[in-house]
Amino acid sequence: MGKWSIDRVLSNRQQQSYVVNIGAFCAALLIVALVCILSLIALRGLDYFWPQPVQSITFTSPTGQSQQVYAQVGERHINSAQQNATTDVLFQYSDKHYPYGRQVLIESQFMGQITTAPEAANILLNDGTRVFSQPIDIRLPGEETTSLANFQDVRATVADIRQLIESLREAKLAPIHRDLAQLDLRQVERDAPARLRLYESFERWQQEAVRFETQLTDYQLHTRFSDGSEFFIPIDSIARLSYPGQLDTLGKLKLVWSGIGDFLTQAPKQANTAGGVFPALFGTVLMIFVMTILVTPFGVLAAVYLNEYAPNNHYTSVIRICVSNMAGVPSIVYGVFGLGFFVYQVGGNIDKLFFSDALPAPTMGTPGVFWASLTMAILTLPVVIVATEEGLKRVPEGLRAGSYALGATKLETIWHTVLPMASPGIMTGVILAIARAAGEVAPLMMVGAVKFAPNLPFDGEFPYLHLDRQFMHLGVLIYDGAFHSQTDVRSASLMFASCLLLLFVVFVLNVLTVILRRRLRKRYLRGY
Amino acid sequence: MLKLFEREQLDLATLSPEQTAMDVRDLNLRYGQKHVLHNITMRVPKHRITAFIGQSGCGKSSLLSCFNRMNDLIDNSKTEGQIIIDGRDINGKKENLSLLRSQVGMVFQRPNPFPMSVYDNVCYGLRLQGVKQRRQLDDAVEQALIEAALWDEVKDRLFDSATTLSGGQQQRLVIARALALKPSILLLDEPTSALDPLTTLIIEELMAELKKRCTIIIVTHNMQQAARVSDYTAFLHQGALVEYSDSDTLFTMPDKKQTEDYITGRYG
Ligand SMILES: Nc1ncnc2c1ncn2[C@@H]1O[C@H](COP(=O)(O)OP(=O)(O)OP(=O)(O)O)[C@@H](O)[C@H]1O
Ligand SMILES: [Mg+2]
């Protein structure tokens, strides 16, 4: 035993207790950190849905005039750029000049009184903007007015008219459009009677639709700003009206609930600072799904080759080392690879071979969901290979021998006995791959994820799933939100809400695979 | 010595081809540089139980796996000599291994049921041969399980996982799995070494029953077992066949000093 051997300093018992204590401390630290992160994200994320009060504030604008407005006050920033640090207040208000809201960041010394304004409503419009004002009454067609109590009824009427217009468009105008397109295809002359007839009826229905539209604009909400000026909002454009100052907890929870519903089902509005995240949620799940379908067979095949077929020599161990090292390559490198190889090389050549009539507009030679999934599949391949190999190694030799002894070939043995028993290991690889792929943003932005995609990669148009389209991704949305967050009252919360959702997606996917793995374990590994 | 089983003796020296299940001639086996079996020459009589005994590492398992060419799976193994079954040399290049292995069944020391249902375990070999009809499989499973004396215990749980069976049941299941292919030779490598005495007895009775249908070769470390169940016994030492005769003779008046030392326990 050396002079500095640990056994001289500490007894065996002490050594053990030190190891246990230090270990427990580390584990506790980890758990605390995890809980902190999760609760921060959960709190800030849920904050997005919690109704904020509308307040009446007075402030002095840079031009020197004092103003009273309804506003939602956001975060306070310490502005340390100047010599004596000041506090800046960020808030969003509505007044007659900026009825649809304006963000202001002013030093707190210019802030006047802040009082609660229970009479003020938060009026969310269909385009994602919000108006803070006090509803007075409702204007109906023909200069009539009705009280606010009838708001829901009026809304129903308006919704009916809107419905009417939509069905008019669908049932009358769209078929005429189609017929006209047919005529175009058959190259019928411009003044053929069939064409003129169609034009005429199109004109008629169009006028009908316009008539309804103008009728719609006659239904208006009459509101008043804090300084007394009046403002009219078409009822048709209102998505939700709430009085945050008057709500009890139950009412607030209801609002949270419908807010979460909108968040999950609607598209982003106002350049990703309002609205929902449905396209990003869909894009994320689709990308992960396609990636899993791509990476699993490849990874399993590679692992089977390495573990069952490859001779036990230097080349094999070099390949193994390469595979493990691939897991450590920075993900941005995979992004570059995906862009350079998949998008430009492979996609470009596919275009040349199969879609040459569409060139120079690229069909496959442009970033899209498929290339993103493929890039992610390459990125997560090592994880799947390593985990699958672990699973294969755990299959007892005796079982392989048993299979061979019944006349099975190597392939049959692998297929019927080895792979089922390795399936929990494969699932472990898939879980790790999903977790890794869901967290990547940078490489995705190079190969297909965008801040805003006009179309989902899935719609009613053949072939329904458009894997060549660009897509939105929660991670990209979060990244985008981080830039808005400094200038926008709500989008910091939107970013956290998206984070929460991303965590939730990963969690759900992982739980699903863990359940699957447990079932496979129970089925194939019980007793081993 | 206790005699449980009837024996009808054949003279090993004058075994006719009809009475021979397997004719081993000058068999040599090497694992790389290591010479494991030296010039083994022996005839295994049909419908009899032949036991292989010998010290650990003397090559009993290796010899057994020559009989269904499981050694092919070991990278650097090299076999020389002939093993004639049904008039053909199974070491020939054109031998169909799947066919051979269904004809020469093998049961390992540790029960190794596949992680599937009892039913699927027994069907494994048949399904590999392309049998798909449910009726045919049902009948084969029932027959094999009856032959392996397991039917009564598992008939109500055919679709339970085989790994939930007890060790002895698992071992009989593995035997049933081999029997489902109707093998003419059954190789048992220490089939009872992991089992308790009572279950061992069940398996031994099973062997006595099975020898009506097929030839059985068993490796065992248990002298009493070898004496009890086997009709013939071969003693191997360091890869060579030292003595091979009917069990009565071998255990009561062995020819060679080495054999006597081994069976009386003075050795190894
Ligand atoms: N795959 C292998 N590669 C190299 N040598 C092997 C291999 N398998 C067995 N051997 C060697 O061959 C010799 C015979 O082994 P074998 O397993 O046949 O012995 P055995 O008689 O069955 O022993 P036991 O009674 O312990 O099972 C041993 O010396 C063993 O080390
Ligand atoms: Mg052995």
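Numbers restart at 1 for each chain; the letters A, B, ... are given by sequence-line order, proteins then strands.
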Heavy-atom pair of closest approach, residues A/Tyr404 and B/Arg101: O-CD, 3.1 Å
Over 12 non-hydrogen atoms of neighbours within 6.0 angstrom of CZ in A/Arg518: no
Within 6.0 angstrom of B/Arg127 CZ, more than 12 heavy atoms from elsewhere: yes
Closest approach of A/Gly407 to B/Ser98 (non-hydrogen atoms, all atoms of both residues): O-OG, 2.8 Å
Gap separating the CG atom of B/Leu97 from the NZ atom of A/Lys410, nearest 0.5 angstrom: 13.5 Å
Side chain to side chain, A/Arg400 and B/Leu73, heavy atoms closer than 4.5 Å: no
Gap separating the CD atom of A/Glu397 from the CZ atom of B/Phe108, nearest 0.5 angstrom: 10.5 Å
Toward chain A: residues of residues 133-155 of chain B with heavy atoms under 4.5 Å: none
Heavy atoms from other residues, nucleotides or ligands near CD of B/Glu80 exceed 12 (cutoff 6.0 Å): yes
Student check: side-chain heavy atoms of A/Pro311 and B/Asp75 closer than 4.5 Å: no
Over all atoms of both residues, closest heavy-atom pair of B/Phe114 and A/Leu399: CE2-O, 3.4 Å
Contact class of B/Arg177 relative to chain A, heavy atoms under 4.5 angstrom: both
Closest non-hydrogen atom pair between A/Gly398 and B/Asn112, with its separation: O-ND2, 2.7 Å
CZ/A/Arg320: more than 12 non-hydrogen atoms of other groups inside 6.0 Å: yes
Part of B/Thr164 within contact of chain A (heavy atom distance under 4.5 Å): side chain
Over 12 foreign heavy atoms within 6.0 Å of CG, A/Asn313: yes
Shortest non-hydrogen contact from B/Met106 toward A/Ala405: CB-CB, 4.1 Å
Exceeds 12 heavy-atom contacts within 6.0 angstrom, atom CZ of A/Arg519: no
Considering all heavy atoms, the nearest A/Leu406-B/Ala178 contact: CD2-CA, 4.1 Å
Part of B/Leu128 within contact of chain A (heavy atom distance under 4.5 Å): both
Heavy atoms of other groups near A/Tyr309 OH, more than 12 under 6.0 Å: yes
Interface residues of residues 293-300 of chain A facing chain B - non-hydrogen atoms under 4.5 Å apart: none
Heavy atoms from other residues, nucleotides or ligands near NZ of A/Lys522 exceed 12 (cutoff 6.0 Å): no
